[in-house]
Amino acid sequence: MYTMKKSNRYLKILSRQYNSERAVITELVNTQAILNLPKGTEHFLTDVHGEYEQFNHVLKNGSGSIWQKIDEVFALSESEETKKELATLIYYPQERLELRKSQKKNLNDWYAVTLHRLVLMLRRVSSKYTRSYVRKKIPADFSYIIEELITEKEEISDKKAYYSSIIQTIIRIGAADEFIITFCNLIQELVIYRLHIIGDIFDRGPEPHLIIDKLMTYHSVDIQWGNHDIVWMGAAAGSKACIANILRMCVKYKNLEVLEDGYGINLTPFITFAYKTYAKSGEKNLLHAAAMLQFKLEGQLILAHPEFKMENRLFLDSMNLEAGTVKIEGKIYKLNCTDFPTFDKNAPYKLSGEEEEIINRLASSFRHCEKFQRHIRFLYEKGSIYKIYNGNLLYHGCVPLTADGDFAKMNVYGKELSGKALYDELEIWARKGFLAKSGSPDKQKGLDILWYLWTGPNSPMFGKDRMATFERMFIDDVQSHEEHKNAYYEKLEDAQTVQKIFNEFGISWASGHIINGHVPQKVKKGETPIKCNGKLLIIDGGFAAAYHKATGIAGYTLVSNSRGIRLVVHKKFESAQSAIRNEKDIISDTITVENFTERKYIADTEPGKALIEHVEDLTDLLAAYRNGSIIPESESIYSN
């Protein structure tokens, strides 16, 4: 019965797309069928920190999802060696083909067997999807042939001969390589429905730009910004304080090539200045030059924004170079270096003329680097501070809390905010920092928020009271190096606090989870990423090589399919070359986080909610057609 849920005006607009009863019925039946397909597999990664080789391999193997499918299909029919060979081929089809052809052993026989195995794999991984969805993924030139191979034909009596003849023809005409590569790429794509990157693509590792390149070609991805992403976003937007931070970190981790080769940023003026001005600093000249730029620019921001409450990070004005000391939060510390040639005690936060020129030139380079701007625009398009997807809450760092477990308040340009409202407001300003008109007040406010999100005490991406960069560099007293984590990290096992966060963001306690990264879990010290009986998961296991010693592993990833959620614990990845030549997959252990009591279907997912609404709209349109309140456009006197 037509319920008038939607206005006639809306339904008339919908009728332009579905302009007959038959069109509506077809779409209704198809959509209803889709809702009853199993939920697609989601893949969660965080804190990849520029480690492209390992990231790329984990993406290719779906954190073991492809091996799991191989095992399901060939558990009883093939040896472990054969399955390993097939897995490596699926991960690196082009490279393995070149290696196989160089061996020149029974190539046509190998092609026949391999194509047959890949067809079986493709049938398995495509079974969760409609034929229409799969068809759209297949290259148009091969669409008919691949559909024939992966579709069971009950009417053919000798199926084996039918499929074998197709495969033999592919081999005979010299198209086997193309089909193998296409099959492998399709399997990789179909085994994972959606990828979630929960922050920190940049810094520490050598190739974050390659990770972004890879993500830009990935079929379905969302990104929750980490503090190491936001500082690069701030640099692209024009924040000089963010640029100085990036410069210092690239120097510290010996990754200047990311800027010079990855993005074509000209560092010659800075390097020349550092070698000349900081000659007494020896091999630390670049680091000290970048750090002094950073501290001065950050000091200017802190003085301009008392509402940030970061006065404890103003220390240049308390430096006494004659005595070799500095006062921080009322305590005097001995400096291990007093070579600050651009420091002016009468104007401690003012840049020298050369520093001003260098930072202006760098800012211009960052703003006018086409590739860098394209990468950051992608982060804005695909990213957010937090995301709710399929009933799970995804964010990088934390929800800032007070010691009592209440949501911490922050003054954002006159608004006292906390919890979800704080997240939402900070994201608005982060976007204005990049998108607002250059020179406008909103632009500058947005730039300053981007820097705050990188290092501010109430930043949901940072989650500490300070970033003790100055202390770690110039003070030997390790007590000064302490960075105190937000109370959030003390409340991870407190169900009452975690449930408060669920309620704040509208997440179901019965079925939802919080998934975040940011803080490496030290497995070797007994830490576990599974908190609060599996309701909260911190999946930073130290992807970056710099963390391996501390964590004892080489990263966590998370996989959620229609039957449950599993945590994947990765050992150190040897190399892509070893994987290709020696069939050495990354060694991983799997921990079951949750087995769903009932299998999840598309109807239970975020896309499913939209499809359910679509079914309701179509049902109303069908009723309107049948009761005559809307005339199908195909029957209209104006339709011709």
Side-chain angles (χ1 to χ4, degrees), residues 31-46 58-59 62-65 68 125 127-130 133 189-199 215 218-225 381-396 399 420 423-424 427 498-499 501-517 529-539 556-568 590-616:
T31 305
Q32 195 65 56
I34 291 170
L35 288 168
N36 289 284
L37 287 170
K39 176 185 98 67
T41 299
E42 297 172 68
H43 193 192
F44 302 80
L45 284 80
T46 185
V58 168
L59 219 58
S63 287
S65 296
Q68 188 177 52
V125 299
S127 63
K128 277 189 178 183
Y129 305 101
T130 63
Y133 180 89
E189 183 166 344
L190 292 173
V191 83
I192 299 296
Y193 177 73
R194 192 171 185 91
L195 174 67
H196 306 283
I197 304 293
I198 309 181
L215 290 175
Y218 202 78
H219 57 279
S220 178
V221 62
D222 56 70
I223 300 164
Q224 291 70 62
W225 306 321
E381 289 171 354
K382 294 293 184 179
S384 55
I385 293 182
Y386 73 94
K387 188 174 186 67
I388 298 168
Y389 193 87
N390 287 347
N392 296 316
L393 173 59
L394 319 179
Y395 53 74
H396 177 70
V399 176
K420 181 178 180 294
Y423 266 80
D424 292 336
E427 180 163 333
V498 175
Q499 188 163 12
I501 297 172
F502 273 57
N503 295 340
E504 175 74 3
F505 286 86
I507 303 300
S508 164
W509 183 255
S511 59
H513 308 81
I514 293 172
I515 304 169
N516 73 279
I530 303 173
K531 314 290 184 183
C532 200
N533 292 319
K535 287 285 129 186
L536 192 152
L537 305 161
I538 297 183
I539 59 169
Y556 289 117
T557 53
L558 196 72
V559 177
S560 172
N561 58 28
S562 61
R563 299 190 182 278
I565 302 173
R566 57 187 175 88
L567 185 74
V568 185
T590 299
I591 300 169
T592 299
V593 175
E594 181 179 349
N595 288 318
F596 301 142
T597 53
E598 294 181 353
R599 193 175 192 188
K600 290 189 180 293
Y601 295 89
I602 297 293
D604 304 311
T605 69
E606 212 71 26
K609 292 175 186 175
L611 290 176
I612 290 169
E613 288 184 8
H614 187 49
V615 166
E616 292 172 356

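All heavy atoms count here, side chains included; hydrogens, waters and symmetry mates do not. Owing to the predicted nature of the structure, the values given are computational and were not obtained by experimental measurement.
- With hydrogens and angles disregarded, a donor-acceptor distance shorter than 3.5 Å links the side chain of K128 to the backbone of K39.
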Residues K382, Q224; criterion side chain to side chain contact (heavy atoms under 4.5 Å, CB included); working and verdict: CA-CA 8 Å; K382 294 293 184 179; Q224 291 70 62; over 6 Å; no
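- For K387 and Y389, the positive end is not near the middle of the six-membered ring at less than 6.0 Å and at most 45° from its axis.
- Side-chain contact between L611 and T605 is absent, with no heavy-atom pair separated by less than 4.5 Å.
- Rounding to the nearest 0.5 angstrom, the gap separating the CG atom in L393 from the NZ atom in K420 is 10.0 Å.
- Between N561 atom CG and S65 atom OG the span is 7.5 Å, to the nearest 0.5 Å.
- The shortest heavy-atom contact between P529 and L567 is CG-CD2, 3.2 Å.
- Not counting sequence neighbours, the partners of K531 by the side chain to side chain donor-acceptor pair (under 3.5 Å) test are Q521.
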Steps toward side chain to side chain contact (heavy atoms under 4.5 Å, CB included) verdict (T46, N516): CA-CA 8 Å; T46 185; N516 73 279; over 6 Å; no
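- When all heavy atoms of V568 and S63 are compared, the pair lying nearest together is CG2-O, 3.6 Å.
- Between Y395 and I385, the closest heavy-atom pair is CB-O, 3.8 Å.
- Side-chain contact check for V191 versus T41: every heavy-atom pair is 4.5 Å or farther apart.
- For the atom pair F502 CZ and S508 OG, the distance stands at 8.0 Å (nearest 0.5 Å).
- Using a distance-only test at 3.5 Å, with no hydrogens or angles considered, no donor-acceptor pair links the side chain of E594 to the main chain of G564.
- Between H43 and L59, the shortest heavy-atom distance links the atoms CE1-CA, 4.5 Å.
- The shortest non-hydrogen separation linking Y386 to D424 is OH-OD1, 2.8 Å.
- C532 contributes atom SG, which lies 8.5 Å from atom CD1 of I514 (distance to the nearest 0.5 angstrom).
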Verdict with supporting geometry, I198 and L45, side chain to side chain contact (heavy atoms under 4.5 Å, CB included): CA-CA 6 Å; I198 309 181; L45 284 80; over 6 Å; no
Stepwise side chain to side chain contact (heavy atoms under 4.5 Å, CB included) test for L536 and I515: CA-CA 6 Å; L536 192 152; I515 304 169; over 6 Å; no
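- In this structure, Y193 and S220 approach most closely via the heavy-atom pair O-CB, 3.3 Å.
- Between R599 and P38 there is a side-chain heavy-atom pair separated by less than 4.5 Å.
- Note: N392 CG to E42 CD = 7.0 Å, rounded to the nearest 0.5 Å.
- Checking side-chain atoms of H219 against main-chain N and O of E189 turns up a donor-acceptor pair under 3.5 Å.
- Within the 4.5 Å cutoff, no side-chain heavy atoms of V399 are placed close to those of E504.
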Chi angles and distances behind the salt bridge (Lys or Arg N to Asp or Glu O under 4.0 Å) call for D222, R194: CA-CA 8 Å; D222 56 70; R194 192 171 185 91; 2.7 Å; yes
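- The number of heavy atoms from other shown groups lying within 6.0 Å of CG (N36) is above 12.
- Checked against the 6.0 Å centroid threshold, F44 and Y556 do not count as a close aromatic pair.
- Taking CH2 of W509 as the start and CD of Q499 as the end, the distance is 5.0 Å to the nearest 0.5 Å.
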